[in-house]
Amino acid sequence: MAVVPECTGSHTIPKPEAERLWSWLLRRQGLCDDLKYASVVEIAHASLGLHAARLPTPFATVLARGTSPAVALSLFSSSTADNVVTLRCMRKTLHSLPLPLAAAAHAATLHFRERDALRSIANHGMSARTVTRVTTAIIDLVEQCGPLNHRAMEARLTDSRTDTVSVRLALKLAWERGVLTYLNRTNCWNREHRRFGLTGRLHPGLDMAMDRHRATTELVIEYFDRYGPASLRDAAWWSGLSRSAITAAMNESARDFVMVHTSWCESPMYMYRDRLEEFRSDSAEQRSSGISFLAHEDVALKAYFESRRRYLGDLPPRTAFNQIGEVLPTVIIDGQLAGTWKWDTGKKAVGWSLVSSCRSTVLRREIRHRAHTLTEALRLGWGTGDRKKVTTAQQEVTPTSSSR
């Protein structure tokens with residue numbers, strides 16, 4: 001018999017209140033004008049990571065939630081690199097997370113990432129002995145030379161006994177296991193300078209050997225704290241974990257869950273009782289999130305699958321998603337999809353398009369103003385090779401301060 005989440009109550013929330021609840025949740029992540037975050041670490045913590053599979057995504061994600069463009073520019077600083085790590089985790093996708101959350105996300109998802117890496121190794125015909133030998137050679141090389149890109153490793157390690165593919169497969173396995181850490185040594189959002197360094201040296205306090213059960217429990221608890229109400233299918237889709245693992249983790253939480261029913265989906269959803277009480281005790285002003293330009297694959301939208309109606313409403317999914325299921329850069333108003341935007345590389349400017357229900361002159365004027373502001377911010381982080389500009393802007397940021 002399937003285990004079900006233990007709940008202390010059940011609530012049916014009508015559509016108007018559900019929309020305010022969703023908007024209130026976005027406010028907690030910095031998606032509003034009056035509550036922003038002053039560091040990448042705070043933003044990545046509040047949103048449970050920054051989706052990082054596409055180069056522009058982390059920068060645009062931070063722009064939407066930060067107190068100024070300088071916060072997004074601090075993505076390229078050594079301080080951020082020391083406190084935020086990028087790794088493959090949920091659904092085997094790159095995310096940038098603060099170290100404690102990264103440890104849980106890594107350990108909870110390692111089993112299916114490691115399985116895939118080992119399958120590729122087996123398909124290539126590499127023996128366990130060869131994997132150990134090549135991995136040791138990679139570690140020794142990085143220890144001597146510091147972080148390197150994969151081509152430099154291949155050039156140094158390929159010989160009569162080791163082909164290029166073997167180096168790449170051993171590198172991939174070492175990365176998946178947390179022995180190596182990915183670095184993007186760039187000073188702009190439109191270029192990548194990928195390197196791999198030793199995790200133990202780059203982040204000596206990062207626990208990459210956390211117990212899987214404990215890590216799963218922590219990851220699931222953190223997900224529902226930020227994104228509840230969510231269904232079990234939402235949580236499974238976001239994390240890549242099984243429903244049984246998610247339910248077991250929920251039942252180990254010290255906080256009470258409640259079951260929530262809305263028009264977003266037919267399945268029951270779950271959230272912490274104290275979060276629902278917090279929402280209902282806040283004023284109307286604390287439930288409005290206003291206008292936001294969200295990144296391609298923004299974490300706030302990628303956190304759900306079954307209950308995407310919370311922001312789609314009656315719009316077809318293709319309004320917000322491309323053919324391969326990636327969420328487009330979107331414009332949302334109080335949590336509801338209002339349109340999409342895109343970066344025009346030729347013009348170095350943001351273009352936008354609103355859905356038919358958002359055509360008022362006042363609204364278009366405000367969207368135009370915000371698109372101009374976003375254009376200026378994206379130009380600041382565009383790859384000009386001018387590191388001095390980036391460094392100066394970063395000096396405006398106090399990484400440990402917050403506007404909240």
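Counting from 1, the numbers follow the sequence of the chain as shown.
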Given R113, R88, H95, the one that forms side chain to side chain donor-acceptor pair (under 3.5 Å) with H106 =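 When side chain to side chain donor-acceptor pair (under 3.5 Å) is applied between H106 and each of R113, R88, H95, only R113 qualifies.
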Counting C-beta onward and ignoring hydrogens, is there a side-chain heavy-atom pair between [X] and [Y] closer than 4.5 Å?
X: Y270; Y: V258; result: no
X: V142; Y: C145; result: no
X: L180; Y: I138; result: yes

Between the side chains of [X] and [Y], is a donor N or O closer than 3.5 angstrom to an acceptor N or O?
X: E306; Y: S231; answer: yes
X: S127; Y: T130; answer: yes
X: R364; Y: H369; answer: no
X: S307; Y: R310; answer: yes
X: R212; Y: H111; answer: yes

Applying salt bridge (Lys or Arg N to Asp or Glu O under 4.0 Å), run through R54 and E326 and close with a yes or a no.
-> CA-CA 11 Å; R54 295 290 187 98; E326 296 176 330; 2.7 Å; yes
Pair F305 and W238, ring centroids less than 6.0 Å apart |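 Aromatic pair excluded; centres sit 6.0 Å or further apart.
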Would you please indicate if the ring centroids of Y304 and W22 are separated by under 6.0 Å?
->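 When the ring centroids of Y304 and W22 are compared, they turn out to be within the sub-6.0 Å range.
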Ion pair check, R275 and D225, cut-off under 4.0 Å =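 Answer for the salt bridge query: yes.
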On a heavy-atom basis, which atom in [X] and which in [Y] lie closest, and how many Å separate them?
X: L73; Y: G381; result: CD2-CA, 3.8 Å
X: A72; Y: L63; result: CB-CD2, 3.7 Å
X: R195; Y: N149; result: CD-N, 3.5 Å
X: L31; Y: A300; result: CD1-CB, 4.2 Å
X: L25; Y: G228; result: CD1-O, 3.2 Å
X: M271; Y: L276; result: CE-N, 3.7 Å

Steps toward side-chain contact (heavy atoms from CB on, under 4.5 Å) verdict (M250, V220) = CA-CA 7 Å; M250 293 170 67; V220 171; 3.8 Å; yes
Going from OG on S23 to CG on D334, what distance comes out if it is rounded to the nearest 0.5 angstrom?
->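 Result: 4.5 Å between the selected atoms.
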Whether [X] side chain and [Y] backbone form a donor-acceptor pair below 3.5 Å:
X: N184; Y: H193; value: yes
X: R191; Y: W382; value: no
X: S120; Y: D116; value: yes

Side chain to side chain donor-acceptor pair (under 3.5 Å) pairs, two or more places apart, involving residues 243-254 |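 Side chain to side chain donor-acceptor pair (under 3.5 Å) check on residues 243-254 returns H213-E252, S242-S244, S253-Y272.
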Considering residues, nucleotides and ligands other than [X], do more than 12 of their heavy atoms fall under 6.0 Å from its [atom1]?
X: R156; atom1: CZ; result: no
X: K348; atom1: NZ; result: yes
X: H124; atom1: NE2; result: yes

Reference residue W341; test side-chain contact (heavy atoms from CB on, under 4.5 Å); the match among L374, T330, T375 =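 So the option named by the test is L374.
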Partner of V40 under side-chain contact (heavy atoms from CB on, under 4.5 Å), chosen from S74, S79, S96 =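 Among the candidates, only S74 passes.
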